[in-house]
Structures are given as C-alpha cells and as structure tokens.
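Below you'll find the structure, written out as structure tokens, and then a few comments.
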Amino acid sequence: MSATASAPGKIILFGEHAVVYGRPAIAVPVLQVASRVTVEEAESGVHVVSSRGSRTLLPGDLNGDDPIAAILRHTLSAIQYPGFPNITITIDSTIPVAGGLGSGAAVSTAVARAMALHLGRTLDAATVSALVYEVEKIHHGTPSGIDNTVIAFGRPVYFMRGRPIEMLIVPRPFTLVVADTGIAGLTKIAVGDVRRSWEAGRERFEALFDRCGDVARRARALIEGGRPEMLGPLMNENHAALREMGVSCAELDTLVGAAITGGALGAKLSGGGRGGNMVALVKSGTEAAMAEALLRAGAKRTIVTEVGGSFEC
Ligand code: PMV
C-alpha cells in the first residue's frame, strides 16, 4: 500500500516584497518542474528518503524545526491521527532549491497530501495551504503566504495577505522563459533588508510598494481581459521598483537586460531576489531563441512555461 502526490513549482509574476506589506501580487504555477512524494508502510518509525540522503525521524524529532518533521506534525494534527505512523516518505523533486521556484513549499505540499492519503484521508487545497504556511514560517520568518497558496492550489492566483484567495482567470495563455542566475536566492535576508530600509524610510518604501501593487492590479486586468501580450512594460516597471528596493543584483540585471535586448516583451527578477530566477515574457514561438540568449548571457538553466493550465495532483 502506497500513496503518491505531486506539487508544482511556482514563480511570482508581480508584486514580490510589496505583498509582505499588504499589496496584491500575482503568482503562477510552473508545471514543468514538480515535487513528487510517495508514502508507504514501514516497519517502525518515519524514514525520509531523498536525493540528499536518508534519515529517520523519531517521535521526539516531530517538535523540531526540520521542515519534513514540521509538515508531518501539522498534517497529523489536522487529520487528528493518534500516535506516530510507521512510514517511509520518498521525495523526488525536479524543482531547483533556493531559486525562488517554491521547492520547499512544493515538497511540504506533496508530503502533506501523500501522507494524508496513505492514512486514508484527503485534504482540500485550502487546508494544505494553511499547513504548508506553518512550515514556510520556519524557512522565511514572516512569509506573506503567496508560495503555499499558489502551490497548494496549483493555479494562477491574485494574492493579498489576509484576504480570501482569488484565482486568476487566464482566457489567453502566455509564454514565459524563466532563467536561473545560479546564485542561491536569499529571500530571508532580502526580506529583512527591505524591512530595515522601510523602517528607515517609510515614505519612500510605501510609495515603492504602492507602485508594485498598482502594477499587479493593472496586470490582473490585462491577464483577465485576454491581453497578456501587453504585460511587458508592467514587468519592466516592477523590476525597476525592485531594483530601487535593493533586492536585485548584477547577475539578475544582466539577464533582465539580455532578455530585453533579445526581444522579450518584458522581464523582471522573480521572488526574493539577490539571486535565484528572473522571468521574461516572450511571443509564442520565440521561447527557444530567448532561452538560448539567456544561457549565453550567463543563465545556468532555463525553463519555458505556459501560463494558463492547472496542475493535476
Ligand atoms: O523567493 P520566493 O520565491 O520564495 O519569494 C519570496 C516572496 C517575497 O514576497 C519576497 C516574500 C513573501 O513571503 O511573500
């Protein structure tokens, strides 16, 4: 008897950082990468097997900060499972780590679903999202909740902290090229630096956050109005605001510049910044050439993704 569940990667298309301060943001699943988790019966204890090696969790470990132990603890509590299960959790993920593609939230999502399934329960997306949010707090300190939401629902979202989740309607799909600087993104540090800068200059930072929020609202109207090809200038404007916040870096700026020079409709860093990934909007049919241009400009890997589908787990 075994149970398997998967969860996609994600990128933030508009509004990162400002979303922590209550402005809207847009995130979309990246279906070309995923975390896949299988849970099966074991003789005793919880064994975790992944490409990073194997380990065994003891009942006492459940209270610690280990992310797998944490999602286990929250899931067992949500399904009111009495005691400690005897299971092997096998994690297989193609989502690059520390790149702003949501690898941690995707693994947690797949573990929660596969474990609940193995124990004879199913969890709805909102419940999974809330459980994963608890684990995200360990990684990120004060996460806005956008990662767990887009990954648990597996659909494009228009997200505002503390507001009911809104799915984004995408009547006309569009194509993105995501490129990795190869530098580990430093979301927690970038979020902390933005907070310090905001405390030191609230007026300037509130204005920057407003600009990002405005961009996200206009982007939503274009996406839902079936005019995604017009999103480019909004991506460029969002990147400029993120640079002003101090969360870009030379490598991200180089890739964004190369995307624009290579004919992208728009480009920006995505996620926490200081490394990780950038994203370019391209005309359908030009994605292969754009991926090559980004690799020539120093990207370590690229992913071509189309926004408009949904993830079946
Ligand atoms: O680096 P990522 O993709 O996990 O994105 C972080 C997004 C921030 O807005 C910077 C932080 C947050 O919690 O929303």
Side-chain angles (χ1 to χ4, degrees), residues 7-30 33 35 67 93 95-109 129-130 132-153 156-163 165-166 176 178-198 205-206 208-213 215-216 219 235 238-239 241-249 251-252 255 268-279 303 305 307:
K10 72 99 214 332
I11 53 160
I12 298 179
L13 210 44
F14 294 100
E16 51 274 269
H17 287 289
V19 69
V20 175
Y21 298 80
R23 274 50 165 206
I26 292 175
V28 300
V30 174
V33 286
S35 294
S93 183
I95 308 176
V97 175
L101 289 172
S103 105
V107 168
S108 297
T109 297
S129 178
V132 174
Y133 181 67
E134 292 305 312
V135 182
E136 288 290 285
K137 284 186 195 164
I138 301 171
H139 296 299
H140 292 309
T142 55
S144 63
I146 191 167
D147 279 23
N148 48 286
T149 303
V150 63
I151 288 171
F153 282 86
V157 295
Y158 181 80
F159 180 87
M160 254 176 114
R161 217 174 168 165
R163 293 264 187 99
I165 297 147
E166 292 182 65
L176 301 172
V178 179
D180 194 342
T181 58
I183 301 166
L186 301 171
T187 298
K188 198 169 180 176
I189 292 173
V191 168
D193 287 351
V194 168
R195 181 155 301 269
R196 272 183 291 281
S197 304
W198 171 72
F205 269 70
E206 285 293 329
L208 283 170
F209 298 151
D210 280 344
R211 243 169 88 190
C212 297
V215 160
M235 293 173 78
N238 201 159
H239 186 70
L242 288 162
R243 284 192 66 188
E244 285 183 48
M245 280 179 215
V247 296
S248 192
C249 65
E251 291 80 357
L252 281 167
L255 293 182
K268 63 181 278 292
L269 73 83
S270 176
R274 302 271 171 83
N277 281 273
M278 55 74 68
V279 55
I303 300 170
T305 187
V307 179

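In each ligand, atom 1 is the first atom listed, and ligand 1 is the first ligand listed.
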Using a 3.5 Å cut-off on N/O to N/O, what pairs does ligand 1 make with the protein? A line per pair would be great.
from     : atom 1 : to   : atom 2 : distance (Å)
ligand 1 : 1 (O)  : T187 : OG1    : 2.6
ligand 1 : 1 (O)  : G272 : N      : 2.9
ligand 1 : 3 (O)  : K10  : NZ     : 2.6
ligand 1 : 3 (O)  : G100 : O      : 3.2
ligand 1 : 4 (O)  : D147 : OD2    : 3.1
ligand 1 : 9 (O)  : H17  : N      : 2.9
ligand 1 : 13 (O) : S144 : N      : 2.7
ligand 1 : 13 (O) : S144 : OG     : 3.4
ligand 1 : 14 (O) : S144 : OG     : 2.5

Inset, instruction - Taking the side chain as every heavy atom from C-beta outward, state whether P29 and V150 have any pair of such atoms under 4.5 Å apart. - result: yes
Legend entry - side-chain hydrogen bond (donor to acceptor under 3.5 Å, both in side chains) contacts touching residues 179-191 (sequence neighbours left out): D180-R301
Inset, instruction - Pick out which of M235, K10, E16 makes a side-chain contact (heavy atoms from CB on, under 4.5 Å) with S270. - result: E16
Legend entry - salt bridge (charged side-chain N to carboxylate O under 4.0 Å, His left out) partners of R163, counting only residues at least two apart: none
Legend entry - I95 side, atom CD1; I151 side, atom CD1 - distance, nearest 0.5 Å: 6.0 Å
Legend entry - Residue list, side chain to side chain contact (heavy atoms under 4.5 Å, CB included) with S197, at least two apart or on another chain: F205
